[in-house]
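Protein chains get the first letters and strands the later ones, always in sequence-line order, with residue 1 at the start of each. Nothing here was measured: the structure is a model prediction, and the numbers come from that model.
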Amino acid sequence: MDSENLNKGYQPGEVENRWYAYWEEQGLFTASEDKDEKPFSIVIPPPNVTGVLHMGHALNITLQDILCRYRRLCGDNVLWVPGTDHAGIATQNVVERHLAAEGIDRHEMGRERFVESVWQWREKYGGAIIRQLKSLGASCDWSRERFTMDEGLSQAVRKVFVELFEQGLIYRGNYIINWCPRCSTALAEIEVEHEEHEGRLYHIMYPYKYGQGGPVVATTRPETMLGDTALAVHPDDKRYKDISEDRVILPLTGREIPVIRDEYVDMEFGTGALKITPAHDPNDFAVGEKHNLARLKVIADDGIMTADAGDFAGMDRFECRQAVVEELKKQGLLIKIEDYTHSVGHCYRCATVVEPNLSKQWFVKTGPLAQKAIDAVRQSKTRVIPEKWESDYFNWMENIRDWCISRQIWWGHQIPAWTCESCGELIVSMQEPSSCPSCGAEGLVRDPDVLDTWFSSALWPFSTMGWPEKTKLLETFYPTSVLVTGFDILFFWVARMMMMGIHFMKEVPFRDVYVHALVRDEDGKKMSKSSGNVIDPMDVIENYGTDSLRFTLAAFAAQGRDIKLSEKRIEGYRHFINKLWNAARFAFMHITEPYPVFESQSLSLPDRWILSRLRRASDDVKDALDNYHFNDGANIMYRFVWNEFCDWYLEAAKPALYGRYDEEKSIAAKAALWRVLHDTLILLHPFIPFVTEEIWHKLAGTDGSIMTAAIPGSDSRYQELSVDKEAEDDMDLLMGIITAVRNIRGEMNISPSVNLSVMIQSGQQKVRETVAGHNDMISTLARLSDIKIGDAGEKPAGTATAIVGDASVSVHLEGVIDFSKEIMRLDKEIAKLDKEMQGLSKKLENQGFLSKAPESVIEKVKNQYNENAEKIEKLKSNREKIKSIESVQS
RNA sequence: GGGCGGGUAGCUCAGGUGGGAGAGCGACGGCCUUACAAGCCGUAGGUCACAGGUUCGAGCCCUGUUCCGCCCACCA
């Protein structure tokens, strides 16, 4: 037992560093591969290597750590796999910007040197995110840390690619894809963010080849008209029924284009005529394919107009838009311009307006994979929590489109595909082939593209455990127990892991998916650097300590609701950490040895009560954590520690602890105090690991760590606590009496320094005995000089009275009493009870209620009614008595 | 255009399967009571967004309205 005093206020900084190092040194985060133990596993959502921790990470990590630490305390064999993601486009952008600041362009460097410099960047900054995870207290098994581009994972990526290709689930083709001109790469559908944009709708006339006038089309992107290869109208559209010509002249180019008829056209919109640009619009692409139209690419991949744009070639796409509009105006073909709000796609990495563009890319055929992923959730092989996300998951999976997986960047997994320069043969293979298997030539050119980042993260749950090898780790820990993630990557990541996991492991990647909220600022806005409303977790940790941050996040992590975070709240929970700290300081003043034993017969009522309450708190917290109700768990402990343990138990136990009673009582109180503090620390440890370890270590002696302790109820060294209903009822009575006296004191404005004398009366012997037996406790907590006990009789004169259950408490106020004040207080009390009575009696007069409500409910209402009636009667008679005294006196 | 979530005390939010609403912060009053002033004791504050409906009984279930937020969608 370390009896040296704790600091007066809790100082988190030093404590946190010390314990984290200790845990790592002792190997307490390391999972065992022994599969006989009950496994619990989580793979971390790998943060971007070059990233900086934000509040979303802090929440995500905190929740995972709570689960891992909780499961360890339950005795499970816990594996939490940490790691980072290479985050292709995002990282390449960061490094490019960095190089640009030094005046270096990546194209000048060449691919090899650029990739090398990204690796260097990773070496330099990749550790930052890991250090930040550690400062959050993350109990990851760092011996198994992985990176999405390390050797093993690269192997897994190639194997998956090759197998999917061989199974016909990966193909290459010319399709319209979303192109980001800034990142100069293709993007998948999901990587495009649509945003409402105030633009213009340009109405342009396409003159008939023969005759006057012509149909008018509307477009928001006039520059694309240069690539039009048809004009479409609805087959039933009467306005165009009589067109004798089947060709119109495309303005500015003089090209003749056909008029086609297709039901895709909406007759209601504008003039019912639609321009068709197969190379620059996904819908037009589909229409073009159906009608076998030419695909004319007028905007190049860099956003510059191509030679096919004629006079406009070489212009930037937006510049070209202006020029086209000007020219059309000149020619009188621009009929009108309307303001028009429509949604515009932006790159999710750099916010540049994306350009739908014709391009040859690699795709994953998602249909068959998605179906199995849907079935798995339908059959509850994987649960989604909260359940409401299931419908989003189904909706997305059911409407999934093929996944464009090639990216025209340099940082990432290069696609393992080669083309033979002599015969054009396409070779997909794990290893680089030395010669063409078809013609034997040696000139093979590797596809320069890399894979979408999410392709490698889709394999994360099994690639990190050694797949494609059949490892013991996979055998023991796959499927993982739960995936904890934010909904923003439900589709990007979770959906793809489901597809890949099921396909390659023949088993879902996780049993549960817990989807947590987004952390917003105090006004409910998304935190972002541009809005300047970001709260940096590292600042918070610096100022308030990790435990405060973690407890705050947990306490606000109600399912299905976003967290609005403000510093004020973090400060509030720091008070809680400090409260716990001080309670421990108090305990250490009295506890002299670890693991004291108590004889249950020598326990006092407060001892029995707090042990019973502890049992309930323990059950409730375990239940909450088993069901991902993090906020409930945190709040249960908050209330137990503050409102029950500190406010009542410690105060009630003081006389015994200070040795005011006999030795036996003192020992019992110390033992109970030790036990409650001990178990409380364990129950709190998943939420606030540092402060609990610091206190626990002192409490339990110097050996071991709280991390290896056992959750209450699972350690045979201690007798299991049970709920003690009698103790709870008796304590309720005593606390009620004490509160009643304090209330009267407050309302009467009587200084706490004045000791009062009270009379407690009850018709029930049990009540009188309980009061008599705890005379001292009541006196201490209510600051009384004297307690008299009597049966239900006349209320003593000159007193203020309150009714507590079956007892009435009369506080002697001779000399101090202010009669008018007391009458006011009684009136208030009576009015309150009266109001309650009205509701109750209304119910009891209702025949429907009496005949249809369950017996127990009726009984409850009746009891309450009778109790209230009695109380009111007593209070009224008190009031009359005071009134008569008052009138005698005056 | 579809879908989802939310509107509860001044503020931020809890309120599994319907039985007269809770907490924290803030406010107000009183306390340096030997763990804690980052504290202790007490008090006040709510037509549970609005309107209907189901029910003996609705914050909770149903319908409609309204205001916020989010997700999804190829209408030029």
Side-chain angles (χ1 to χ4, degrees), chain A residues 5-6 8-10 194 201-202 217-221 224 232 264-266 268-270 273-277 281-286 340 342-343 356 386 388-389 391-392 395-396 399 487-488 490-491 518 520 522 524-526 555-556 558 560-566 568-569 571-590 627 629 631-632 635 638-639 642-643 646-647 650-651 654 658 738-739 742-747 749-753 780-783 835-836 838-840 842-843 846-854 856-858 860-861 864:
Chain A
N5 278 348
L6 280 70
K8 189 163 178 186
Y10 177 57
H194 292 272
L201 191 59
Y202 302 88
V217 301
T219 179
T220 54
R221 297 187 299 154
T224 62
Y264 165 72
V265 181
D266 180 0
E268 307 296 315
F269 192 91
L274 178 64
K275 64 193 272 306
I276 301 294
T277 324
D281 183 281
N283 299 310
D284 294 4
F285 178 84
Y340 190 71
H342 62 127
S343 83
K388 65 164 181 161
W389 293 109
S391 55
D392 284 53
N395 191 41
W396 193 78
N399 297 302
F487 64 80
D488 48 337
L490 194 60
F491 307 136
L518 224 59
R520 299 173 176 281
E522 55 191 313
K525 285 201 287 268
K526 204 168 167 172
F556 280 90
R561 198 187 265 235
D562 286 347
I563 298 174
K564 288 195 226 166
L565 193 72
S566 78
K568 200 100 192 213
R569 252 154 271 159
E571 197 182 339
Y573 284 107
R574 177 180 60 174
H575 294 345
F576 173 69
I577 308 291
N578 197 239
K579 185 76 176 173
L580 178 69
W581 180 257
N582 278 298
R585 282 181 63 221
F586 173 77
F588 286 127
M589 291 168 60
H590 299 97
N627 293 293
H629 290 141
N631 60 323
D632 288 342
N635 286 317
Y638 184 99
R639 274 176 218 144
W642 204 311
N643 303 124
C646 291
D647 288 350
L650 292 184
E651 295 305 322
K654 274 178 184 174
Y658 280 115
I738 292 159
T739 302
R742 286 171 174 172
N743 177 339
I744 289 169
R745 193 190 283 276
E747 298 268 298
N749 264 327
I750 301 163
S751 160
S753 58
T780 307
L781 298 185
R783 298 183 156 264
K835 202 176 152 196
E836 262 179 55
Q838 280 171 25
L840 293 169
K842 205 168 135 194
K843 226 169 203 184
N846 186 335
Q847 275 310 316
F849 175 72
L850 292 174
S851 60
K852 291 188 178 173
S856 61
V857 174
I858 296 174
K860 206 169 127 191
V861 172
Q864 213 171 340

Quiz item: Does B:A76 have OP1 or OP2 sitting under 4.0 Å from an N or O in the side chain of A:Tyr340?
Solution: yes

Quiz prompt | Nucleotide nearest A:Arg569 (side chain, heavy atoms from C-beta), chosen from B:U12, B:G24, B:A35 | solution = B:U12

Exercise. For B:G3 versus B:G10, give the span between their P atoms, rounded off to a whole number of Å.
Key: 35 Å

Practice problem: Please state the P separation for the pair B:G53 and B:G16 - nearest whole angstrom. | Solution: 26 Å

Practice problem: Whole angstrom is fine here: how far is it from NZ in A:Lys843 over to P in B:A58? | Solution: 9 Å

Self-check item: Distance below 4.0 Å between A:Asn399 side-chain N/O and B:A73 OP1 or OP2
Solution: no

Self-check item: Of the listed nucleotides B:U43, B:A76, B:G19, the one nearest the side chain of A:Ala853
Solution: B:G19

Practice problem: Kindly indicate whether the side chain of A:Lys579 and the base of B:C36 share any N or O donor-acceptor pair separated by less than 3.5 Å? | Solution: yes

Quiz item: Distance between the P atoms of B:C40 and B:U33, in whole angstroms?
Solution: 14 Å

Practice problem: Return the nearest nucleotide to the side chain of A:Arg585; candidates are B:G24, B:G42, B:A35. | Solution: B:A35

Self-check item: Quiz item: cation-pi between A:Lys388 and A:Phe487, 6.0 Å / 45°
Solution: no

Self-check item: Which nucleotide in B:C71, B:A76, B:U43 has an atom nearest any side-chain atom of A:Val265
Solution: B:A76

Exercise. Compare the minimum distances between each of B:G24, B:C40, B:A35 and the side chain of A:Lys654, then state the nucleotide with the smallest one.
Key: B:A35

Self-check item: Watson-Crick or G-U wobble mate for B:G16, both contacts under 3.5 Å
Solution: none

Self-check item: Identity of whatever pairs with B:U55 - Watson-Crick or G-U, under 3.5 angstrom
Solution: none

Quiz item: A:Ile744 CD1 to B:G29 C1': how many Å, rounded?
Solution: 17 Å

Quiz item: Among B:C74, B:C36, B:G39, which nucleotide sits nearest the side chain of A:Asn283?
Solution: B:C74

Practice problem: Rounded off to whole Å, could you give me the CG-to-C1' distance for the A:Leu580 and B:A38 pair? | Solution: 13 Å

Quiz prompt | Nearest-0.5 Å distance that lies between atom CH2 in A:Trp642 and atom NE2 in A:His575 | solution = 7.0 Å

Quiz item: Using atom C1' of each nucleotide, how far apart are B:A14 and B:G2 to the nearest Å?
Solution: 32 Å

Practice problem: Would you mind telling me which residue lines up with the more 5' stretch of RNA chain B, A:Phe269 or A:Arg574, judged by nearest nucleotide? | Solution: A:Arg574

Quiz item: B:C11 pairs with which nucleotide, Watson-Crick or G-U wobble, both distances below 3.5 Å?
Solution: B:G24

Quiz item: Rounded to whole angstroms, how far apart are CZ on A:Phe576 and C1' on B:A23?
Solution: 14 Å

Quiz item: What is the distance from atom OG1 of A:Thr220 to atom NE2 of A:His342, rounded to the nearest 0.5 Å?
Solution: 4.5 Å

Exercise. With P as the reference atom in both, quote the distance from B:G59 to B:U65 in angstrom, rounded to an integer.
Key: 22 Å

Quiz item: So which nucleotide from B:U55, B:C74, B:A14 ends up closest to the side chain of A:Tyr264?
Solution: B:C74

Exercise. Tell me whether the OP1 or OP2 atom of B:G57 has a side-chain N or O from A:Lys842 closer than 4.0 Å.
Key: no

Quiz item: Once you round it to whole Å, what is the distance between C1' of B:G29 and CG of A:Asn749?
Solution: 7 Å

Quiz item: Rounding to the closest angstrom, what is the interatomic distance between B:U8 and B:A76 at atom C1'?
Solution: 46 Å

Practice problem: In whole angstrom, give the distance that lies between atom CD1 of A:Ile276 and atom C1' of B:C74. | Solution: 12 Å

Practice problem: Grab the CZ-P distance between A:Arg745 and B:U33 for me, whole Å please. | Solution: 14 Å

Exercise. Measure from CG on A:Asn635 to C1' on B:G24 and round the result to the nearest Å.
Key: 9 Å

Quiz item: Out of B:G39, B:A35, B:C41, which nucleotide sits closest to the side chain of A:His575?
Solution: B:G39

Quiz item: When we call it a touch if two heavy atoms are under 4.0 Å apart, what does A:Pro854 touch: a base, just sugar-phosphate, or nothing?
Solution: base

Self-check item: Closest to the A:Asn578 side chain, choosing from B:C40, B:A38, B:C56
Solution: B:A38

Self-check item: For A:Ser753 against A:Ser751, the heavy-atom pair lying closest together
Solution: OG-OG, 2.7 Å

Quiz item: Which nucleotide in the set B:U43, B:C56, B:U12 lies at the smallest distance from any side-chain heavy atom of A:Phe556?
Solution: B:U12

Quiz item: Taking side chain as C-beta onward, heavy atoms only, is A:Arg585 less than 4.5 Å from A:Tyr10?
Solution: no

Quiz item: Parallel, tilted or perpendicular: which describes the rings of A:Trp396 and A:Phe491, with under 30° parallel and over 60° perpendicular?
Solution: parallel

Quiz item: Between A:Gly848 and A:Ser391, who's closer to the 5' end of RNA chain B by nearest nucleotide?
Solution: A:Ser391

Self-check item: Side-chain N,O (A:Tyr573) to OP1/OP2 (B:A23) below 4.0 Å
Solution: no

Practice problem: Considering just the side-chain nitrogens and oxygens of A:Trp642, establish if one lies under 4.0 Å of OP1 or OP2 belonging to B:C40. | Solution: yes

Self-check item: Between CG on residue A:Leu650 and NE2 on residue A:His590, distance to nearest 0.5 Å
Solution: 9.5 Å

Practice problem: Taking atom P in both B:C50 and B:C74, compute the distance separating them and give it to the nearest angstrom. | Solution: 39 Å

Practice problem: Just label B:G6 as syn or anti from its O4'-C1'-N9-C4 or O4'-C1'-N1-C2 angle, using within 90° of 0 for syn. | Solution: anti

Self-check item: Pairing nucleotide - B:G2, Watson-Crick or G-U, each distance under 3.5 Å
Solution: B:C71

Practice problem: Taking atom P in both B:C36 and B:A44, compute the distance separating them and give it to the nearest angstrom. | Solution: 30 Å

Quiz item: Given B:G3, is OP1 or OP2 found less than 4.0 Å from the side-chain N or O atoms of A:Lys388?
Solution: no

